[in-house]
Number of protein chains: 2
Amino acid sequence: MVRMSAEERRESVIRAATAEFGRGGYHGTSTEAIAKRVGVSQPYLFRLFPGKKAIFLAAAERCVEDTIRTFAEASAGLEGEEALHAMADAYTEVITERPEQLMMQMQMYVAVAAAEQEGDHEFGEAVRAGWMRLWDTVHLPLGADVNETTTFLAYGMLVNCLAGMGFPPEHRVWEGLYPSARLKGRLER
Amino acid sequence: MVRMSAEERRESVIRAATAEFGRGGYHGTSTEAIAKRVGVSQPYLFRLFPGKKAIFLAAAERCVEDTIRTFAEASAGLEGEEALHAMADAYTEVITERPEQLMMQMQMYVAVAAAEQEGDHEFGEAVRAGWMRLWDTVHLPLGADVNETTTFLAYGMLVNCLAGMGFPPEHRVWEGLYPSARLKGRLER
DNA sequence: GGAGTAAGTTAGTACTCAATCACTAACTAA
DNA sequence: TTAGTTAGTGATTGAGTACTAACTTACTCC
């Protein structure tokens, strides 16, 4: 048994929760599954977090932060086509290296509808606010062009969905989507 | 009590399931909720369908078919910019008039990951096959241009996600996304 | 009008899962 | 060394839920 500080454990829980919730969504994931992945007893999760919802929320928030940071770091000091290229590449890396983060994102978007209907508007507010921060983060490097920003995010969403659906990398749906190929298309026009 | 033929009831169940699954996803929706919406006892669902999974699958399949039909009908006899415009308008109508269909779509995409991990590759196959049919359906009217098709679908996915997140129609995230505005942007370039 | 069938219900079972409680083991500072 | 704190566990509970079995009610056709 490895003892950790509560703060460190909370970090592990967030990582485990991202993976588990990303796979099964809020309702499709048991707290036991998260606990098992962390390597800790299930009841202990309720010492570290007030409840299952709080764990989901923490994972969701972390997920948004990470994505924003990814784009911010990738585009630092760049603008226009260069920033676009850098951010697209960075995102491609996230997809391949940390697919659980992207699935968690999808689950988060999808969980809003249910929360909203249950009268929990706070969660929706948080998710929308996170999205707007993400929006602004990519907006500036892309030359503050609304159409450019929207297109970039749209491609990102398509990538999320295709990856979620489990299309293998060689599949033709990815044609015209991989950043390099897409940029190639843009430059040839 | 209104008696219906089993076939009619199955139709009602599919409609109700689309709404309920669209809101809560597979695990977040109880068969009782579906039964209540249909106006029938919960165990009776298991006469009409072999199990909960079968209901989800039926709703998912119907959802894909409807979306494909929407695009096929909208683009009938048109091509290029006109087809693009018509399909985008038709989709906008779906979003506003039948949001449950769009949420069901999202839930379907997201459910694949879980199914895949549980060893159920059939579901993933079905969803991917549905996507490819959708892809081909919009591909032809858009002049069989891969980049054009990808972009169109990407915008569709962004719309799905934004709607799922519950952004109100006036919100600035929709700028540069509503078909007319977008087309305007395209024509001004 | 009664036999057969198709539509539908009530009652119940086996199981999962979030959350609580009461407890123990390890670290730390005086 | 000991008093107090922090990390962690095992047992349990109560609510919810997919699914089954046995029964009932309405329609239809001879």
Side-chain angles (χ1 to χ4, degrees), chain A residues 1-60 107 111 114-115 117-120 122-123, chain B residues 1-60 107 111 114-115 117-120 122-123:
Chain A
M1 192 185 74
V2 184
R3 268 173 78 103
M4 282 183 197
S5 76
E7 212 39 65
E8 282 174 310
R9 273 293 184 219
R10 261 186 282 265
E11 279 306 306
S12 314
V13 171
I14 288 176
R15 273 197 300 277
T18 301
E20 291 293 331
F21 282 131
R23 192 180 58 83
Y26 180 75
H27 292 284
T29 302
S30 66
T31 53
E32 197 180 346
I34 299 170
K36 264 213 180 99
R37 188 179 271 260
V38 176
V40 96
S41 72
Q42 178 260 351
Y44 187 48
L45 296 184
F46 295 85
R47 287 268 160 113
L48 300 169
F49 293 88
K52 188 185 177 183
K53 251 186 181 165
I55 301 177
F56 186 82
L57 205 71
Q107 296 288 359
Q117 184 140 338
E118 278 164 15
D120 178 5
E122 239 174 282
F123 182 62
Chain B
M1 190 187 72
V2 184
R3 270 171 78 102
M4 283 184 198
S5 77
E7 211 41 63
E8 281 173 311
R9 274 291 184 222
R10 261 185 282 266
E11 279 306 305
S12 313
V13 171
I14 288 176
R15 274 196 301 276
T18 301
E20 291 293 330
F21 281 132
R23 191 181 59 82
Y26 180 76
H27 292 285
T29 301
S30 67
T31 53
E32 196 178 349
I34 299 170
K36 265 213 180 96
R37 187 179 271 261
V38 176
V40 95
S41 74
Q42 178 261 352
Y44 187 48
L45 295 184
F46 295 86
R47 286 264 162 114
L48 300 169
F49 293 89
K52 187 184 177 182
K53 252 184 180 165
I55 301 177
F56 187 82
L57 206 71
Q107 295 289 359
Q117 184 139 338
E118 279 164 15
D120 178 5
E122 240 175 282
F123 181 62

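Reckoned from all heavy atoms, side chains included, excluding hydrogens, waters and symmetry mates. So you know, we letter chains A, B, ... as the sequences are listed, proteins then strands, and number each from 1.
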Grab the two heavy atoms, one from [X] and one from [Y], that are nearest each other, plus how far apart they are.
X        : Y        : result
Ala6(A)  : Leu48(A) : O-CD2, 3.9 Å
Val38(B) : Ala16(B) : CG2-CB, 3.5 Å
Lys52(A) : Thr29(A) : NZ-O, 2.8 Å
Leu45(A) : Thr31(A) : CD1-O, 3.3 Å

Close side-chain approach of [X] to [Y], heavy-atom, < 4.5 Å:
X         : Y        : value
Phe56(B)  : Glu20(B) : no
Gln107(B) : Tyr26(B) : no
Asp120(A) : Lys53(A) : yes

Can you measure [X] atom [atom1] to [N] atom [atom2] for me and round it to whole angstrom units?
X        : N       : atom1 : atom2 : value
Arg10(B) : dA6(C)  : CZ    : C1'   : 12 Å
Tyr44(B) : dT20(D) : OH    : C1'   : 16 Å
Phe21(B) : dT17(D) : CZ    : P     : 12 Å
Leu48(A) : dT9(D)  : CG    : P     : 10 Å
Ile34(B) : dG16(D) : CD1   : C1'   : 15 Å
Phe49(A) : dT20(C) : CZ    : C1'   : 19 Å
Leu45(B) : dA7(C)  : CG    : P     : 14 Å
Arg47(A) : dC21(C) : CZ    : P     : 10 Å

N or O in side chain of Arg9(A) less than 4.0 angstrom from dG8(D) OP1/OP2: yes
Side-chain N or O of Arg3(A) closer than 4.0 Å to phosphate OP1/OP2 of dC27(C): no
Between protein and nucleic acid, restricted to nucleotides 13-19 of chain C and to nitrogen or oxygen atoms under 3.5 Å apart, what atom pairs and distances do you find?
{"residue": "dA18(C)", "atom": "OP1", "partner": "Thr29(A)", "partner atom": "O", "Å": "3.3"}
{"residue": "dA18(C)", "atom": "OP1", "partner": "Lys52(A)", "partner atom": "NZ", "Å": "2.9"}
{"residue": "dA18(C)", "atom": "OP2", "partner": "Thr31(A)", "partner atom": "N", "Å": "2.7"}
{"residue": "dA18(C)", "atom": "OP2", "partner": "Thr31(A)", "partner atom": "OG1", "Å": "2.7"}
{"residue": "dA19(C)", "atom": "OP2", "partner": "Lys52(A)", "partner atom": "N", "Å": "2.9"}
{"residue": "dA19(C)", "atom": "N7", "partner": "Gln42(A)", "partner atom": "NE2", "Å": "2.9"}
{"residue": "dA19(C)", "atom": "N6", "partner": "Gln42(A)", "partner atom": "OE1", "Å": "3.1"}

Base, sugar-phosphate alone, or nothing: which one does Val2(A) contact when heavy atoms must sit under 4.0 Å apart? sugar-phosphate
